[in-house]
There are 2 protein chains.
Amino acid sequence: MKRKVTLKQIAKELDVSISTVSKALRNSKEISEDTRQKVQAFAKLYNYRPNNIALSLKNRKTKTIGIIIPEIVHHFFSKVIRGIELVANKRGYNVIVGLSNESFDKEVINMEMLANGSIDGFILSISKETLQQQDYHHFIETINQGMPIVMFDRVVDAINCDKVIVDDLEGAKKAVSKLISSGCENIGIITTRDYVSVGKLRTQGYLEALEEHKMNPKASLILKVVDQLLSEDHLDSLEKEVESLFKRNKNLDGIFAVNELYALTAMKVARKMHLRIPEDIQIIGFTDGVLSKHAVPSLTTVSQHGQKIGEKAAELLINNLEREDEEDVYETVIIETELIERESTK
Amino acid sequence: MKRKVTLKQIAKELDVSISTVSKALRNSKEISEDTRQKVQAFAKLYNYRPNNIALSLKNRKTKTIGIIIPEIVHHFFSKVIRGIELVANKRGYNVIVGLSNESFDKEVINMEMLANGSIDGFILSISKETLQQQDYHHFIETINQGMPIVMFDRVVDAINCDKVIVDDLEGAKKAVSKLISSGCENIGIITTRDYVSVGKLRTQGYLEALEEHKMNPKASLILKVVDQLLSEDHLDSLEKEVESLFKRNKNLDGIFAVNELYALTAMKVARKMHLRIPEDIQIIGFTDGVLSKHAVPSLTTVSQHGQKIGEKAAELLINNLEREDEEDVYETVIIETELIERESTK
DNA sequence: TTTCAACACGAAAACGTTTGCGCTAATGTT
DNA sequence: AACATTAGCGCAAACGTTTTCGTGTTGAAA
């Protein structure tokens with residue numbers, strides 16, 4: 001078991017100084033052709049690679065990006081990571097992942113762990129708990145220490161930084177407009193509580209779409225699901241809530257659900273009530289996950305292009321990191337949504 | 001924008017030496033109560049945190065684990081990561097992720113990037129391309145340099161290291177036995193080419209189960225799908241292959257599919273051919289992903305417990321890293337599979 | 001022969017820590 | 001009063017790099 005070879009070892013072996021070895025390897029012309037070749041041959045033989053940690057310490061940059069997401073077992077976030085990874089690697093960066101599990105404390109702890117030199121900047125999506133508590137001091141402190149942050153998807157106005165979001169409002173409008181133009185007259189929405197910004201915006205898009213088509217929103221058509229974070233019977237209670245939405249609106253002929261799971265649940269309930277999709281009721285979801293694609297009937301959905309979001313976020317961050325001048329102009333990039341029409345709509 | 005404060009700055013500010021500050025913060029009793037308090041107060045005020053990179057350099061360990069997986073947009077791998085992250089964080093480690101995208105070259109490059117000091121050890125699942133080429137020199141070199149590796153799911157005998165696998169053979173047997181005991185007499189299998197070890201083992205399990213029940217395997221019942229890595233029309237060609245399986249076996253009444261997607265495709269084809277599930281044909285998949293749970297009818301499946309795999313892998317690695325004695329005894333842990341019965345079987 | 005570049009290399013500092021050891025002054029012991 | 005102990009602190013090395021600034025040797029020009 002031979003440990004990794006260092007400059008010092010090469011130097012000793014070849015009876016030259018460390019500086020000479022370093023320069024020889026970097027093709028400095030201070031070094032004679034002779035020694036340069038000798039050193040390089042030796043280095044190749046022993047498979048020398050500079051120690052990243054030492055370089056990080058010296059350069060005061062790690063070439064590593066920290067990602068904090070609320071949950072990894074989730075197609076959207078996986079896709080975002082893939083996007084980040086893609087451009088990060090292309091530009092010589094590594095990616096280190098922290099999971100907040102939708103918890104404020106874990107978010108803070110994870111960020112603290114990474115902020116002490118391990119990474120050059122953050123890409124993150126805020127946990128639900130943090131959004132509820134509206135405590136953003138850890139973001140502010142991080143930024144104040146000179147470490148840039150890019151937020152995506154779940155962002156918050158209070159923090160001044162680069163952001164990548166989808167046009168939730170517009171996406172929702174597209175979806176609802178589609179339902180309307182396909183003949184729906186009583187469209188229900190299944191959404192989250194308002195503190196999740198994306199939920200709020202999508203609800204707003206729903207309302208605006210109705211308004212544009214001179215349709216009156218009815219309170220009974222709006223279902224704001226209370227989400228008990230990931231509990232086991234969450235699915236059951238969700239189903240019950242959706243069922244009551246169906247029951248109190250006998251003439252329901254369209255559903256806009258702000259995520260995939262809600263949409264699938266709606267499909268399930270519709271089936272239970274012997275409604276045909278899309279003949280009797282049409283359904284559109286949000287988030288282009290794998291469920292929508294393989295559902296039966298397959299689900300028309302508003303795609304968020306998670307990978308593109310990740311790519312863009314990584315670009316913003318790295319550009320910021322590598323920018324010479326220190327001017328802080330923050331950008332908010334909006335990734336267009338796309339309505340993917342499948343079998344659940346006419 | 002105040003940069004992170006260092007020992008040196010505190011020392012200068014308080015007019016003591018760096019060593020004094022360091023010792024004061026670590027509660028060394030070499031330092032007087034007086035200065036200790038002074039230093040600690042100052043440190044707290046300026047929110048001092050030791051620089052991880054410097055510590056890594058000094059201690060020659062990074063407290064970071066490198067994960068290399070073929071694909072992240074995949075429930076199984078996400079769950080494994082979650083498991084790893086869980087125990088890693090609990091034991092004070094961070095997690096850094098590299099994606100091979102099923103490519104040999106990317107696997108090698110990623111490992112090289114991480115191996116030069118960035119991490120203390122690897123947890124990985126081998127890419128398909130690597131398995132095909134059977135070129136494992138990068139694993140061997142890494143291990144030879146004293147960096148431990150834990151492999152999971154897709155492992156290979158040629159490499160001597162800790163491994164965490166599911167009992168693919170036994171899991172497959174469970175599934176097929178279930179089909180048999182539910183009355184199936186003509187059971188088809190949809191599997192991968194043999195170079196993917198898990199595919200091979202599951203096929204073997206299928207055969208053994210048949211044998212145990214005195215049933216003769218028929219070549220026409222075995223479909224080994226050629227997987228053109230992630231191409232767009234992969235789904236189409238997959239569907240055609242499955243369809244021909246159905247057509248050449250008119251009396252097919254059971255399907256064992258080695259992954260979720262194959263199982264779903266089988267369901268789709270069955271539906272197209274007007275076979276009722278589970279009355280006319282029963283289907284079982286492998287991998288407990290989200291698709292199986294939400295499919296209609298929901299899919300009976302062999303669960304692999306991805307999270308548990310991740311947890312175990314992290315434990316093995318960290319135990320190895322923190323072991324004092326240098327004896328190399330490698331373990332292969334088998335995680336039991338579990339048959340989750342849902343609606344696609346009787 | 002002296003002077004001066006050019007050449008080839010080495011010493012040392014720096015990045016931020018931790019820690020063994022040595023030093024000084026004060027205190028305690030005979 | 002002479003000596004030993006100890007508390008309290010600083011020096012310096014080490015981890016592995018890169019880079020600036022010397023410095024000694026050579027060869028050529030004067």
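Numbers restart at 1 for each chain; the letters A, B, ... are given by sequence-line order, proteins then strands. Remember, predicted model here, so these are calculated numbers, not experimental data.
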Between [X] and [Y] (salt bridge meaning N to carboxylate O under 4.0 Å), is one present in this structure?
{"X": "E311(B)", "Y": "K308(B)", "answer": "no"}
{"X": "R91(B)", "Y": "E322(B)", "answer": "yes"}
{"X": "E85(B)", "Y": "R82(B)", "answer": "no"}

What is the distance, rounded to the nearest whole Å, between atom [atom1] of [X] and atom [atom2] of [N]?
{"X": "E33(B)", "N": "dT6(D)", "atom1": "CD", "atom2": "P", "result": "20 Å"}
{"X": "N52(B)", "N": "dC15(C)", "atom1": "CG", "atom2": "P", "result": "18 Å"}
{"X": "E30(B)", "N": "dT24(C)", "atom1": "CD", "atom2": "P", "result": "17 Å"}
{"X": "K23(A)", "N": "dT20(D)", "atom1": "NZ", "atom2": "P", "result": "9 Å"}
{"X": "N51(A)", "N": "dT18(D)", "atom1": "CG", "atom2": "P", "result": "10 Å"}
{"X": "N116(A)", "N": "dT17(C)", "atom1": "CG", "atom2": "P", "result": "9 Å"}
{"X": "I53(B)", "N": "dT18(C)", "atom1": "CD1", "atom2": "C1'", "result": "16 Å"}
{"X": "L7(B)", "N": "dA14(C)", "atom1": "CG", "atom2": "P", "result": "16 Å"}

Counting only non-hydrogen atoms, which of residues 54-64 of chain A are less than 4.0 Å from DNA chain D? A54(A), L55(A), K58(A)
Strand contacts (DNA chain D) in residues 8-19 of chain B, 4.0 angstrom heavy-atom criterion: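 Under 4.0 Å from DNA chain D: V16(B), S17(B), S19(B).
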Give a yes or no on whether the backbone of L99(A) and the side-chain of N110(A) come within a donor-acceptor separation of less than 3.5 Å.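 Answer holds: yes.
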Are any side-chain N or O atoms of K163(B) and backbone N or O atoms of I159(B), one a donor and one an acceptor, separated by less than 3.5 Å? yes
Which pairs pass salt bridge (charged side-chain N to carboxylate O under 4.0 Å, His left out) with one or both residues in residues 135-161 of chain B, sequence neighbours excluded? E102(B)-R154(B)
Pairwise 5' ranking along DNA chain D for T20(A) and R36(B), keeping only the more 5' one: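 In this pair, the answer is R36(B).
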Of the candidate nucleotides dG20(C), dA8(C), dT18(C), which contains the atom at the shortest distance from the side chain of R26(B)? dT18(C)
For I68(B) versus S100(B), what's the shortest heavy-atom pair and its separation?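 Minimum heavy-atom separation between I68(B) and S100(B): CG2-CB, 4.3 Å.
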Can you find a side chain N or O atom of Y48(B) that sits less than 4.0 Å from OP1 or OP2 on dG16(C)? no
Looking at T35(A), I'd like to know whether one of its side-chain N or O atoms comes within less than 4.0 Å of OP1 or OP2 on dA8(C).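 The answer is no; no side-chain N or O of T35(A) sits under 4.0 Å from OP1 or OP2.
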Any chance you could measure L25(A), atom CG, to L7(A), atom CG, to the nearest 0.5 Å?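 Rounded to the nearest 0.5 Å, the CG-CG separation comes to 6.5 Å.
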Are H74(A) and F77(A) packed together at the side-chain level, in the sense that at least one heavy-atom pair is separated by less than 4.5 angstrom?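 SC-SC contact between H74(A) and F77(A) confirmed.
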What nucleic acid atoms does S22(A) come within less than 4.0 Å of, heavy atoms only: base, sugar-phosphate, or nothing?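 Base contact.
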